Structure formats: C-alpha cells, structure tokens
Visitor: 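Structure incoming, see below.
Heavy atoms only: backbone and side chains are in, while hydrogens, waters and symmetry mates are out. Just so it is clear, the structure is predicted and the values come from calculations on it, not from any experiment. Lettering of chains follows the sequences in order, A, B, ..., and the numbering in each one begins at 1.
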There are 2 protein chains.
Amino acid sequence: MSRDRRNGAPAYKKIQALILKRIEGGQLKPGDAVGSERELAKIHRVSPMTARHALACLEREGVVDRRRGAGTFVAPPKIHFNKLMSFTEQLAGRGLTGSSRMLSYALVDDEPEIAARLALPAGSRLLKIQRLRFGGDEAFAVETVYLSADFSGLTRARLERGSLFSVLEHQYGVTLAHADEEIDATIAEAKTASLLSIPYGAPLLRIRQVIFSTTGGPTLFVLGLYRSDRHTLLIRRFR
Amino acid sequence: MSRDRRNGAPAYKKIQALILKRIEGGQLKPGDAVGSERELAKIHRVSPMTARHALACLEREGVVDRRRGAGTFVAPPKIHFNKLMSFTEQLAGRGLTGSSRMLSYALVDDEPEIAARLALPAGSRLLKIQRLRFGGDEAFAVETVYLSADFSGLTRARLERGSLFSVLEHQYGVTLAHADEEIDATIAEAKTASLLSIPYGAPLLRIRQVIFSTTGGPTLFVLGLYRSDRHTLLIRRFR
DNA sequence: AAGTGGTCTAGACCACGGC
DNA sequence: CCGTGGTCTAGACCACTTC
C-alpha cells in the first residue's frame with residue numbers, strides 16, 4: 001500500500017486521535033484493552049511499526065499502559081501533577097467554582113525587577129492587575145499579575161468575563177508552555193489579612209511564577225499569596 | 001546482519017550509552033552534533049530505525065535536541081526541575097555542604113495516619129527519625145521521617161555517616177522512583193523556633209512527602225519544616 | 001543540492017504473560 | 001500454548017534547513 005495520507009495528519013496521529021475519541025466518549029474506560037499493535041495495524045491498514053509508534057507515544061503521554069505479554073490498556077485517570085493551570089482550572093479540579101474581584105488595574109513603569117523577569121528593559125511599561133480570588137464564596141488568594149503593556153487591550157471588562165489564560169490564548173494567539181515557580185512562606189500583613197479575612201500574622205503560601213509562552217519568551221509574572229488553610233500545593237518529583 | 005546482541009543490552013541502548021559517555025567525558029559539549037541517524041546506523045552496523053529510536057529516546061529524556069533538516073545536538077545542561085533529591089544533593093546544587101543533627105530516633109506504633117500513608121496497617125511499627133538539617137552552619141529545617149520498622153537496621157551511626165537515600169539504595173536495594181508532596185505554610189511554634197533560631201511565629205514552609213520506590217509502594221513519609229527565609233522551592237509546571 | 005529528521009513499509013525473532 | 005509488547009531489519013519518500 002502506497003504512502004497515503006488522505007488528509008494532512010500522519011497515520012499514527014490519526015490512530016491516536018481515534019483512541020482518544022473513544023476514551024473521551026466513554027466507549028473505552030480505564031483498564032479496557034485498546035487493541036494490540038497487530039490488530040490496530042490491520043484495522044488502519046498500516047504497518048505494525050506505525051501502529052506501535054501510535055501506542056508508544058500514547059503510553060509516554062500517560063494515556064495508556066502497556067504490559068508485555070498482556071496488552072495495551074486505557075490508563076487510570078491520572079491526577080494532573082505539575083500542570084500549569086489557570087486559577088479557574090485548578091478550582092474546577094477540586095469541584096469548586098472560581099471567581100475574582102479586580103482590586104486594581106494600572107499601567108506602571110517603575111518595576112525594573114519585574115521587567116527584568118519578563119526580559120524587558122528596565123522602565124518598560126507594564127500592565128499590573130491585582131485580583132482577589134474566590135473559591136466558592138471564600139477568599140482564597142490575592143494575585144498580582146504583570147505583563148507587557150502590549151497586552152493593554154486586555155480591558156477590565158474582558159478579564160472579568162473570561163480567564164486571563166483563555167483571553168491570552170484566544171485573543172492574542174499566545175500559547176503558554178510552562179512556568180517556573182518560586183515558593184516560600186510568609187505572613188499576612190494588615191491589608192492582605194483583611195482582604196482574605198484572616199488574622200494579621202497568619203501564614204501564607206507565596207508563589208512567584210514566571211510563565212513562558214511557546215515562542216520561548218517569559219510573558220507573565222504572577223505573584224500569588226494563598227491562604228495556607230485553604231490551599232495546599234501538590235507536586236510530584238521524580239528521581 | 002543477523003540480530004546479534006553480544007551482551008544483554010538492546011542495540012539502541014548501547015548507542016545511547018556511548019553518546020552519554022561521550023557527553024559525560026566532555027568530548028561532546030552542548031550544541032555539538034552527535035551524528036545523524038544514518039551515520040550512527042552505519043557506525044553501529046544497525047538499521048536506521050534502530051539508530052533513530054536511540055536518538056528519539058535521548059531527546060525525550062532531554063539529553064539531545066533534534067532539529068529537522070539540521071541534525072541532532074547535545075542539549076544545553078538543564079536545571080533539574082522537579083527532581084527528587086536528598087537534602088545533601090539539594091544543597092550541593094546550591095554550593096553548600098549539608099549536615100544533620102539527630103534529634104530523636106525511635107520505634108513508634110501509634111501513628112495510624114502515617115502508617116496509612118505508607119500503605120501499612122494501623123498500629124504498624126514505624127521507625128521515626130527526627131533530624132535538624134544544616135546548610136553550612138545554619139539550621140535550615142527540621143525533618144521527621146517515618147518508614148517501616150523493617151528498616152530498623154538503619155542504625156543511628158549509619159545515618160550520621162551517609163544520607164538516608166544512599167543507605168536505602170545501597171544497603172536495602174530500594175530504588176526511589178518519585179515523591180508526591182503537599183506544600184503549605186505554617187508558623188513556627190516554640191520548640192521549632194528555638195531549634196531553627198528564628199522568632200516564635202515566623203513563617204515556615206511545610207512539606208509533607210510520600211516517597212515511592214520503583215517497586216511501586218510508598219516507602220518513606222517525610223514531614224519537613226523549612227525556614228522560609230533560607231529556603232525557596234523551585235518548581236516547573238507544564239501546560 | 002545535499003543532508004537531516006519525520007514518517008512509513010512489511011515483515012522478523014525474542015521474552016514474557018495468561019491460560 | 002498463543003498472543004502480547006520489545007527490539008530490529010533494510011530500505012523508502014517527504015518536508016525541512018543549511019549552504
């Protein structure tokens with residue numbers, strides 16, 4: 001059979017897409033066999049190596065488990081460790097609905113350290129947005145996000161509707177790739193304490209994030225102060 | 001050429017091993033080409049697909065970068081994000097020498113919650129070791145580690161010589177695989193404060209780790225309290 | 001134009017798992 | 001025992017980068 005790629009997608013990706021669709025659609029549940037290499041090869045009229053490649057990649061992504069001598073099975077749903085998620089997405093994973101109240105929205109040009117973190121010249125104009133974050137109807141965190149003033153089309157109104165992540169991705173075509181975070185502990189000063197309805201001096205988890213886009217550049221700087229009694233960070237580390 | 005595997009290792013792993021050796025040995029530096037698929041195939045008298053597999057796996061592990069049309073190059077040295085490291089290893093990465101002082105060493109059987117975390121029956125005998133951790137000559141953290149009493153051959157003396165990780169790996173043949181961590185912030189109570197020479201009420205980073213071995217079971221539970229002014233957690237998250 | 005990685009073929013043998 | 005994934009062969013064409 002000649003190399004025939006009806007549409008643009010490589011054959012192995014089409015096989016993956018079909019398997020993924022059957023998982024999302026619920027026809028395949030965790031533990032179910034997805035079919036052997038040889039089986040998939042026949043069905044998709046493809047060589048065994050190609051079917052194998054499709055399954056091997058899915059395994060690497062954690063979608064399936066492969067056991068020699070046994071077969072390839074849908075992997076149990078995995079907890080999303082070390083995933084970069086918007087505040088809304090994080091809460092959704094815990095069964096809560098997130099909301100925000102904007103505290104301030106301004107252009108600033110006197111934050112040289114933050115400009116440097118975003119690989120911009122000192123004195124660059126930055127958009128600075130402060131928001132109080134709610135989970136359910138409890139205040140969880142105070143978040144301050146800085147980004148290049150190029151994004152100043154991000155009006156307050158638009159931010160109150162959708163999440164910053166989705167606005168960036170859809171309106172600006174920026175796809176976020178990864179974030180480096182520094183995490184430490186601090187103590188609530190008066191203003192933060194009152195915003196979060198916690199006593200002055202209560203412990204807070206402080207997270208400083210630099211979020212990078214796929215084009216490689218640092219795009220967002222986020223400073224978050226999280227109520228320690230409502231927020232636990234989950235991390236998985238590998239040897 | 002017949003399938004000949006002189007020793008036990010698959011051909012593609014031998015190719016990888018040779019490349020890794022040349023990188024470790026300094027003959028190949030970041031940015032250097034490691035040779036094309038076809039080239040490696042000829043050298044190792046192996047089919048192109050096999051050479052390709054070797055390079056593809058090395059790329060997945062972050063050892064090399066592959067650029068279509070250009071070649072395969074040694075990847076720049078990567079910062080080890082999200083790596084499970086012993087206290088000693090962590091400090092070494094920051095150019096410090098770590099040391100410990102053992103605070104207590106005991107067998108306990110009244111920690112059902114921790115036993116459960118280690119997938120042991122409630123009431124199981126556990127080895128509980130408390131240590132004060134120093135970086136240079138400053139106290140950094142108080143760490144309490146719990147593990148099954150099966151490891152009670154871990155004498156105090158042995159622990160004061162080598163790191164717990166290395167004793168486990170070398171004396172018990174346990175290889176650690178990954179750790180799940182819960183991170184939050186808390187406040188130093190009197191005893192902890194005096195051990196760490198910080199004021200009562202100072203913020204601490206609290207890290208609870210369950211460390212899993214390659215055989216799949218949770219093996220270690222570690223509760224760490226880290227001086228927030230001396231310790232920052234670095235994490236990378238991916239989209 | 002030459003060389004590279006990305007995809008693919010149509011098979012093969014081996015080691016292992018479950019029956 | 002039979003089927004599975006793991007490894008491997010000896011090529012091929014395509015899309016891309018570099019020169």
Visitor: So, OP1 or OP2 of D/dG3: does either fall under 4.0 Å of a side-chain N or O from A/Ser36?
Guide: no

Visitor: How close do B/Tyr105 and B/Ile129 get, counting heavy atoms only, and between which atoms?
Guide: CD1-CG1, 3.9 Å

Visitor: Can you check the B/Leu55 CG to C/dG6 C1' distance for me, whole Å?
Guide: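 It is 13 Å, rounded to the nearest whole Å.
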
Visitor: If you restrict it to nitrogen or oxygen atoms, what contacts under 3.5 Å exist between nucleotides 16-19 of chain C and the protein, and what is each distance?
Guide:
from	atom 1	to	atom 2	distance (Å)
C/dG17	O4'	A/Arg68	O	3.4

Visitor: Is the shortest side-chain N/O distance from A/Ser47 to OP1 or OP2 of C/dG11 below 4.0 Å?
Guide: no

Visitor: Ignoring backbone atoms, test whether A/Arg38 places a side-chain nitrogen or oxygen under 4.0 Å from the OP1 or OP2 oxygen of D/dG3.
Guide: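 No.
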
Visitor: Please compare B/Glu39 and A/His53 by the position of their nearest nucleotide in DNA chain C and report the one closer to 5'.
Guide: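 The 5'-side residue here is B/Glu39.
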
Visitor: Quickly work out the A/His44 NE2 to C/dT7 P distance and round it to whole Å.
Guide: 17 Å

Visitor: Determine whether a donor-acceptor pair (N or O, by modelled atom type, separation under 3.5 Å) exists between the side chain of B/Ser100 and the backbone of B/Gly98.
Guide: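 No; zero donor-acceptor contacts below 3.5 Å.
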
Visitor: At under 4.0 Å, does any side-chain N or O of B/Thr72 touch on OP1 or OP2 of C/dT4?
Guide: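 For C/dT4, neither OP1 nor OP2 has a side-chain N or O of B/Thr72 closer than 4.0 Å.
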
Visitor: Phosphate oxygens OP1/OP2 of D/dT7: is one of them under 4.0 Å from a side-chain N or O of B/Thr50?
Guide: no

Visitor: Between the side chains of B/Glu182 and B/Arg117, is the shortest nitrogen-to-carboxylate-oxygen separation below 4.0 Å, so that they form an ion pair?
Guide: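 Yes, this pair counts.
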
Visitor: Sequence neighbours left out, what pairs pass salt bridge (charged side-chain N to carboxylate O under 4.0 Å, His left out) with at least one residue falling in residues 52-63 of chain B?
Guide: B/Glu37-B/Arg52

Visitor: Whole Å only: how far is the CZ atom of A/Arg45 from the P atom of C/dA10?
Guide: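 Taking atom P of C/dA10 as the reference, CZ of A/Arg45 is at 10 Å.
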
Visitor: Does some side-chain heavy atom of A/Arg131 sit less than 4.5 Å from a side-chain heavy atom of A/Leu164?
Guide: yes

Visitor: Quick one: is B/Arg66 getting a side-chain N or O under 4.0 Å of the C/dG6 phosphate, OP1 or OP2?
Guide: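 It does, given that an N or O in the side chain of B/Arg66 lies less than 4.0 Å from OP1 or OP2 of C/dG6.
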
Visitor: Want to settle it: does A/Met49 or A/Tyr12 sit nearer the 5' end of DNA chain C, counting the closest nucleotide to each?
Guide: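 Looking at DNA chain C, the more 5' nearest nucleotide goes with A/Tyr12.
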
Visitor: Using whole Å, report how far NZ of A/Lys14 lies from C1' of C/dC8.
Guide: 13 Å

Visitor: Could you state the CD-C1' distance from A/Gln16 to C/dC8, rounded to the nearest angstrom?
Guide: 15 Å

Visitor: Between P on D/dG11 and CZ on B/Arg52, what's the gap in Å once rounded to a whole number?
Guide: 18 Å

Visitor: For a 4.5 angstrom cut-off between non-hydrogen side-chain atoms, does B/His178 reach A/Phe81?
Guide: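 No, side chains not in contact.
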
Visitor: Would you call the rings of A/Tyr172 and A/Phe151 parallel, tilted or perpendicular, where under 30° means parallel and over 60° means perpendicular?
Guide: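 Taking A/Phe151 first and then A/Tyr172, their aromatic rings stand perpendicular (interplane angle over 60°).
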
Visitor: How many Å lie between CD on B/Glu37 and C1' on D/dA15, as a whole number?
Guide: 14 Å

Visitor: How long is the line joining CG of B/Leu40 and P of D/dA10, in whole Å?
Guide: 17 Å

